[in-house]
Amino acid sequence: MPLDEMNELIRKRLAKLEELRSEGVEPYPARYRVEHAVGPLVAEYDPQSPEALEAAGVRVGIAGRMMSLREMGKTAFAHLQDSSGRIQIYVRLDDVGPEVFGRFRRFDIGDFVGVAGVLFKTKTGELTVQAETVTLLTKSLRPLPEKWHGLKDRETRYRQRYVDLVVNQDVRELFQLRSRLIQVVRNFLDARGFLEVETPMMQPLPGGAAARPFKTFHHALGIDLYLRIAPELYLKRLVVGGFEKVYEINRNFRNEGLSSEHNPEFTMLEFYQAYADYRDLMALVETMMVHVTRELIGETTVHHRGADLRLEPPFAIYTLGEALVKVGGLDAAVAVEEAAARAACAEREIPLKGGETLALLQGFLLDKVVEPLLVQPTFVVDFPRELSPLARSKDDEPDVVERFEFFLGGKEIANAYTELNDPLEQRARFEQQAARRAAGDEEAHPMDRDFLRALEYGMPPAAGCGIGIDRLVMVLTDSPSIRDVILFPHMRPEGGEEP
RNA sequence: GAGCCGGUAGCUCAGCCUGGUAGAGCAGCGGGCUUUUAACCCGUAGGUCGUAGGUUCGAAUCCUACCCGGCUCACCA
């Protein structure tokens with residue numbers, strides 16, 4: 001038995017389990033008829049007066065995990081928790097009889113219990129189920145963390161999220177909010193005629209972003225495959241195919257460092273709209289952000305790291321150059337001169353290898369200097385073409401692309417651009433990237449001939465946008481680490497564990 | 001990858017500086033208590049002090065290496 005730590009507490013519970021079993025009580029019954037969820041019961045009956053409750057004689061049947069226990073000789077109080085809430089139960093020898101009461105005395109905190117009984121209010125006014133019978137539904141063998149201080153150890157909380165969820169209500173609520181966020185976003189896009197699609201997460205060529213991919217091998221085909229770093233090139237193929245509004249919400253995988261803002265797999269929303277440009281998507285993102293915030297927070301102000309984020313349109317818009325100078329407080333020359341940008345990087349102790357272009361230096365400065373300052377909702381537009389191999393240039397300024405990034409709470413939340421749909425131009429961009437790759441830049445975008453073929457058939461003018469769901473949840477829930485918004489964040493495996 | 005901080009009972013923590021062989025609360029166990037709610041009262045049990053070495057008569061405590069986690073930095077355009 002893999003109960004590795006056969007400590008005294010677990011042995012005691014195993015002994016109780018065997019006792020109950022020997023008395024004919026099945027400690028792991030297959031099913032139980034649950035009549036009521038706890039939350040709605042509390043909502044409906046807690047406002048009622050004790051007298052009204054008694055007169056009504058409301059019979060209920062509930063089930064849940066026992067989270068506390070106060071035994072008093074011939075009676076006991078406990079709290080039962082189900083996914084909708086928590087309610088007190090009152091078990092009395094005279095009500096349930098000696099046999100059931102004797103069994104109940106061997107129930108433990110953490111056990112799943114079914115209770116049938118009548119609602120009443122205690123002296124202190126707490127809505128309570130006076131049990132007529134109690135049924136063991138699952139015997140718990142491991143003790144839960146302490147009732148008062150709970151589970152605080154971050155490592156245990158992340159590794160054993162199931163315990164974290166049992167014990168910490170705020171954690172349950174956070175992940176419920178995350179789920180609702182995705183639902184709200186789906187509804188938002190569905191209502192505007194977008195089609196949700198699924199594209200490959202295993203790709204022969206990892207494209208659509210610049211990042212190191214995870215590599216795997218398909219035995220039957222005898223080929224290497226890469227876990228996708230972005231769905232972009234497949235979603236655009238669908239626009240070629242005639243789906244004018246598409247989106248996908250799912251995981252991207254990047255084989256890079258872990259930090260409070262990076263998990264190797266993370267959730268992206270990407271959406272594409274034909275006949276729209278990046279300005280149209282800016283308006284859409286602005287509307288979406290306000291809508292999502294209202295739906296989830298109930299107002300348009302979000303408290304995040306001590307600041308009040310006001311999600312009220314119109315959001316600020318800066319060009320990259322303006323952001324560097326006006327927000328970042330950098331010398332105006334960094335907008336146009338490589339030497340000035342280089343000097344600014346050196347001043348901020350941003351490590352350089354030498355030979356960086358103005359565009360690359362500006363990218364560094366945006367990330368390091370400006371991004372943390374973009375706390376209120378802000379769009380930054382006009383990125384150098386060099387940093388955006390899949391984006392369309394501006395007609396009057398070919399070295400700049402029609403692109404925006406959206407920042408909130410000092411984090412990059414969204415990245416969008418008018419898509420490059422000129423197949424000849426796209427081929428030339430890929431060739432530039434290939435040259436960089438040949439020069440040793442492993443993150444230069446790979447040449448994707450099938451994608452070019454698709455563009456050659458013709459992709460209508462379109463714009464696309466990616467939104468980092470994890471980071472958005474971090475902002476909305478004021479979470480300091482991405483691990484707090486991912487149910488099972490990646491960690492180094494524990495040593496000596498079974499498969 | 002580097003620096004700093006942490007790892008002691010199931011959980012939350014103290015003890016470490018100033019070495020003498022481990023403590024509290026909760027949870028557990030036994031007893032009492034038929035409206036308690038951090039229930040209460042009496043009693044009781046529970047530990048490879050992250051791992052492995054070293055120094056020492058003696059190590060949770062000092063030293064070294066390693067493991068795991070957190071934070072910061074680097075990396076991540």
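Lettering of chains follows the sequences in order, A, B, ..., and the numbering in each one begins at 1. Just so it is clear, the structure is predicted and the values come from calculations on it, not from any experiment.
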Report task. Answer yes or no: is there a side-chain heavy-atom contact under 4.5 Å between A/Glu405 and A/Phe383? Result -> yes
**Report entry** Side chain A/Thr75 and base B/rU35 donor-acceptor under 3.5 Å
**Finding:** no
Query - Of the listed nucleotides B/rG28, B/rC33, B/rG10, the one nearest the side chain of A/Lys74 - result: B/rC33
Query raised in the report: Just by protein heavy atoms under 4.0 Å, how would nucleotides 71-77 of chain B read 5' to 3' in B, S and -?
Result: S--SSBB
Requested in this report: Check the distance between B/rG28's C1' and A/Arg105's CZ and give it to me in whole angstrom.
Outcome: 14 Å
Requested in this report: Answer yes or no: does a side-chain N or O of A/Arg92 lie under 4.0 Å from OP1 or OP2 of B/rU34?
Outcome: no
Query raised in the report: With respect to A/Gln362, which candidate in A/Leu358, A/Leu360, A/Leu366 satisfies the side-chain contact (heavy atoms from CB on, under 4.5 Å) definition?
Result: A/Leu358
**Report entry** Selected nucleotide, minimal atom distance to A/Asp108 side chain, candidates B/rU36, B/rU12, B/rC29
**Finding:** B/rC29
Report task. Scan for salt bridge (Lys or Arg N to Asp or Glu O under 4.0 Å) pairs involving residues 45-67 of chain A, sequence neighbours excluded, and state none if there are none. Result -> A/Arg59-A/Glu132
Query raised in the report: Does the side chain of A/Glu44 pick up a donor-acceptor pair with the side chain of A/His36 at under 3.5 Å?
Result: no
**Report entry** Heavy-atom side-chain contact between A/Gln432 and A/Glu386 under 4.5 Å
**Finding:** no
**Report entry** A/Tyr318 and A/Asp382: side chain donor to acceptor below 3.5 Å
**Finding:** no
**Report entry** Pairwise 5' ranking along RNA chain B for A/Leu9 and A/Trp148, keeping only the more 5' one
**Finding:** A/Leu9
**Report entry** Distance, rounded to the nearest Å, where A/Gln160 contributes CD and B/rC11 contributes C1'
**Finding:** 12 Å
Requested in this report: Check every strand shown and say whether A/Arg159 touches a base, only sugar-phosphate, or nothing at a heavy-atom separation below 4.0 Å.
Outcome: sugar-phosphate
Query raised in the report: OP1 or OP2 of B/rC67 less than 4.0 angstrom from a side-chain nitrogen or oxygen of A/Arg492, does that happen here?
Result: no
Query raised in the report: When all nucleic acid strands are considered with a 4.0 Å heavy-atom cut-off, which category describes A/Asp95: base, sugar-phosphate, or nothing?
Result: nothing
